[in-house]
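Residue numbering restarts at 1 for every chain, and letters A, B, ... go by the order of the sequence lines.
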There are 2 protein chains.
Amino acid sequence: MDNKEKQNKEQQILAAAEQEFLTKGFDGARTTTIAKAAGVTHAMLHYYFRTKEQLFERIVDEKFKKMSQSMFAIIGDPKLPIVERIKGSITAHFDFIADNPLLPRFIINEIVSRPERYEVLHKRVGLILETIYHDLQLEIDLAAERDEVERVDIKMLFISILSLNIFTFIAYPFMEPLIGELTADREKFLAARKAENIETILRRIKKL
Amino acid sequence: MDNKEKQNKEQQILAAAEQEFLTKGFDGARTTTIAKAAGVTHAMLHYYFRTKEQLFERIVDEKFKKMSQSMFAIIGDPKLPIVERIKGSITAHFDFIADNPLLPRFIINEIVSRPERYEVLHKRVGLILETIYHDLQLEIDLAAERDEVERVDIKMLFISILSLNIFTFIAYPFMEPLIGELTADREKFLAARKAENIETILRRIKKL
DNA sequence: AAGATGTTTAACAATATTGTTAATGCAAAG
DNA sequence: CTTTGCATTAACAATATTGTTAAACATCTT
C-alpha cells in the first residue's frame, strides 16, 4: 500500500474522530464508531493514535488553534475608521463561526470538563489579548473624544460580540423549533442574524 | 427507618444526580459516582430509579420545566411601558440564569445529543411563544408609531436578549482567564454584565 | 409475636468499551 | 529473492459500568 493511501487512512480516522468528538464530546464518543465511520478496524485506530485520549488530544489541539484564530478575527483592520473596523470584525467573526458551527460548544464543554488543559493556552492568548484590548481601547477613547462614538469598555463590547455571534450557533437547534418560519431557511436566518448583531453593537457605541 | 429518612435517601440521590448530570452530561456521569456522592450503595440507586436513563429523565424533566420558566421571564409585566417592561424582562431573565448557571449548557447539550425528546416540548412552548410574540410585537409597533422606540422584530430582540444573558454564564469559565481582573469578583462582574446587556438592548430599540 | 411489606446490602452477572498481541500481509531496499 | 519494516487483521484481554438477585434487615400491622 503506497504512502498516499496510508495517509488517507490516518486522515480518515482523524476526520471521523473530529465529527464524533465535536458532536458527542469525549465521553459520548466511541472509538469503535470512529473506526467504523473511517472504514477501518478499531485496532488500526489504536495503531495510529495509541489511545482514545491521544486521538482526542489531536482534535482538541487543532480546535483550540482554530478558536484562537476566531478570537483574533475580532481585532479587525487597524487602518479602517473605528466604526468600519468593528463592523468588519463582527462580520469576520460571524463568518468564521458559521464555517465552524460546532466549534464553540465543543470548546466550552471541553473547558468545563477539563479546565487544566485550558490553563496552558489561556496564558498565551490572554497576554496577547491584553495588548489588543489596550490598543483598541485607546482608539475608542480617541474616537470618543472626537465625539464619533460613545466611550465604552472594549472588553464588555468584546464579550457582547462573542455572545451575539456565538449564541446564534450554539443555540440554533434550540431556537429552530421556537422561532419557526424565521429559521426555516438557515442561510437567510444567518444573514439576518449577522445584520442584527452588527446593528446591535454599532448602536451600542453610537454617540447619542 | 422512618419515612422521612427514606425520602432523604431518594432525595439525596436526586440531588447528587442533578449535580453529576448538569456538570458532566449523561455520557460523562457515572451512577456509582452519584451513589457515592449521595452516600448510598449503587444498588439503592437502581432500586429507586431502576436505570440510569430513568434517573436522568427525572432530572431532564425538572430542568426542561425550569427552562420554560426562564423563557417566560422575558415576557415581563404587560402593565409597564414598553421600555420599562423590557428592562425588567432582561433583569428577571438574567437573575434566573444566575440562579441556575448550569442550566443552559445542560439543555443545549441535551437537545443536540437527543433532539427527539425535545420535539415533544417545543411544540407546546412554541405555540405559547407565538402568542406572546404576537402581543409584544403589537405593543412595540404601537410604541414605534408614537415614536417612542424603533420598529424592531421582537423575535430578533428575543434572541439577542437570550444571547447576551445566557452566553455570560455558558462561557464564564472560558472568559475568566481571558478577561482577567474584570472577572476577579464574580458578583461584580455579573452586575456589570447585567447592566451592559440592558444598555445594549435598550439602545437597540431606542429611537434615534 | 408473626406476617407482610418495603428497604438495604453484598455478591454476582452482563455487557460495552478500550486496549493488546501475535500472526499475517505487503511493499520497497539490498 | 530475501530481508526489513511498517501496515493490517482477528482474536483475545482487561476493565469499567450498568444492572440483577437473593438474602438479611427493619418497620408496621394485626
Side-chain angles (χ1 to χ4, degrees), chain A residues 1-62 106 109-110 112-114 116-117, chain B residues 1-62 106 109-110 112-114 116-117:
Chain A
M1 182 170 288
D2 66 10
N3 203 41
K4 189 170 282 175
E5 279 182 46
K6 178 213 147 176
Q7 274 213 349
N8 265 358
K9 283 218 165 164
E10 199 171 333
Q11 234 34 54
Q12 277 162 17
I13 294 173
L14 274 173
E18 177 176 325
Q19 173 66 15
E20 178 88 350
F21 283 133
L22 278 181
T23 52
K24 303 188 193 163
F26 182 82
D27 292 321
R30 294 290 102 103
T31 53
T32 48
T33 307
I34 292 171
K36 198 173 286 174
V40 301
T41 65
H42 87 276
M44 284 308 297
L45 184 147
H46 289 288
Y47 175 72
Y48 280 116
F49 301 98
R50 196 76 186 165
T51 66
K52 182 184 179 184
E53 283 277 348
Q54 281 182 46
L55 178 55
F56 186 65
E57 298 276 342
R58 280 286 290 269
I59 306 297
V60 167
D61 278 0
E62 186 197 323
F106 175 75
N109 281 336
E110 172 60 11
V112 170
S113 55
R114 313 196 193 188
E116 329 81 59
R117 183 206 314 279
Chain B
M1 183 170 287
D2 66 10
N3 203 42
K4 190 171 283 177
E5 281 183 44
K6 177 213 146 174
Q7 275 214 346
N8 266 358
K9 285 217 163 164
E10 199 171 333
Q11 231 41 48
Q12 278 163 15
I13 295 173
L14 274 173
E18 177 177 325
Q19 173 67 15
E20 178 88 351
F21 284 132
L22 278 182
T23 52
K24 304 188 194 163
F26 181 82
D27 292 321
R30 296 288 101 105
T31 54
T32 48
T33 306
I34 293 171
K36 198 174 285 173
V40 302
T41 65
H42 87 276
M44 285 308 297
L45 184 147
H46 289 289
Y47 174 72
Y48 279 118
F49 300 98
R50 194 78 184 165
T51 66
K52 183 184 178 183
E53 283 277 350
Q54 280 181 47
L55 177 55
F56 186 65
E57 298 277 344
R58 280 286 291 268
I59 306 296
V60 168
D61 278 0
E62 187 196 323
F106 175 76
N109 281 336
E110 171 61 11
V112 171
S113 55
R114 314 196 193 189
E116 329 80 60
R117 182 207 313 280

Quiz item: What string of B, S and - do you get for nucleotides 12-18 of chain D, 5' to 3', if B is base contact, S is sugar-phosphate-only contact and - is no contact with any protein heavy atom under 4.0 Å?
Solution: -----SB
Quiz item: In terms of the angle between their ring planes, are B:F56 and B:F106 parallel, tilted or perpendicular, with boundaries placed at 30° and 60°?
Solution: perpendicular
Practice problem: Could you check how far CD of A:Q12 sits from P of D:dT8, rounded to whole Å? | Solution: 10 Å
Quiz item: Given atom NZ of A:K36 and atom C1' of D:dA10, what is their separation to the nearest angstrom?
Solution: 16 Å
Quiz prompt | Quiz item: cation-pi between B:R58 and B:Y48, 6.0 Å / 45° | solution = no
Self-check item: Minimal non-hydrogen separation, B:L45 against B:T31, with atom names
Solution: CD1-O, 3.5 Å
Exercise. Figure out the CG/P separation between A:L45 and C:dT20, and round it to whole Å.
Key: 12 Å
Quiz prompt | Shortest non-hydrogen separation from B:I13 to B:I34 and the atoms involved | solution = O-CG2, 3.8 Å
Practice problem: Whole angstrom is fine here: how far is it from OH in B:Y47 over to C1' in D:dC25? | Solution: 12 Å
Exercise. Measure the distance from NZ on A:K9 to P on C:dA27 and round it to the nearest whole Å.
Key: 12 Å
Self-check item: Among C:dT8, C:dT20, D:dT20, the nucleotide that comes nearest once only the side chain of B:R50 is considered
Solution: D:dT20
Quiz item: Can you tell me how far P of C:dT8 sits from CG of B:N8, to the nearest Å?
Solution: 11 Å
Quiz item: Restricting to pairs with a member in residues 32-44 of chain B, which pass side chain to side chain donor-acceptor pair (under 3.5 Å), not counting sequence neighbours?
Solution: none
Quiz item: How would you list, by chain and number, every residue that makes a ring pair (Phe, Tyr, Trp, His ring centres under 6.0 Å) with A:F49, sequence neighbours excluded?
Solution: none
Quiz prompt | D:dC6 phosphate, OP1 or OP2, under 4.0 Å from A:Y48 side-chain N/O | solution = no
Practice problem: Could you state the atom-to-atom distance from CE of B:M44 to C1' of C:dT8 in whole Å? | Solution: 6 Å
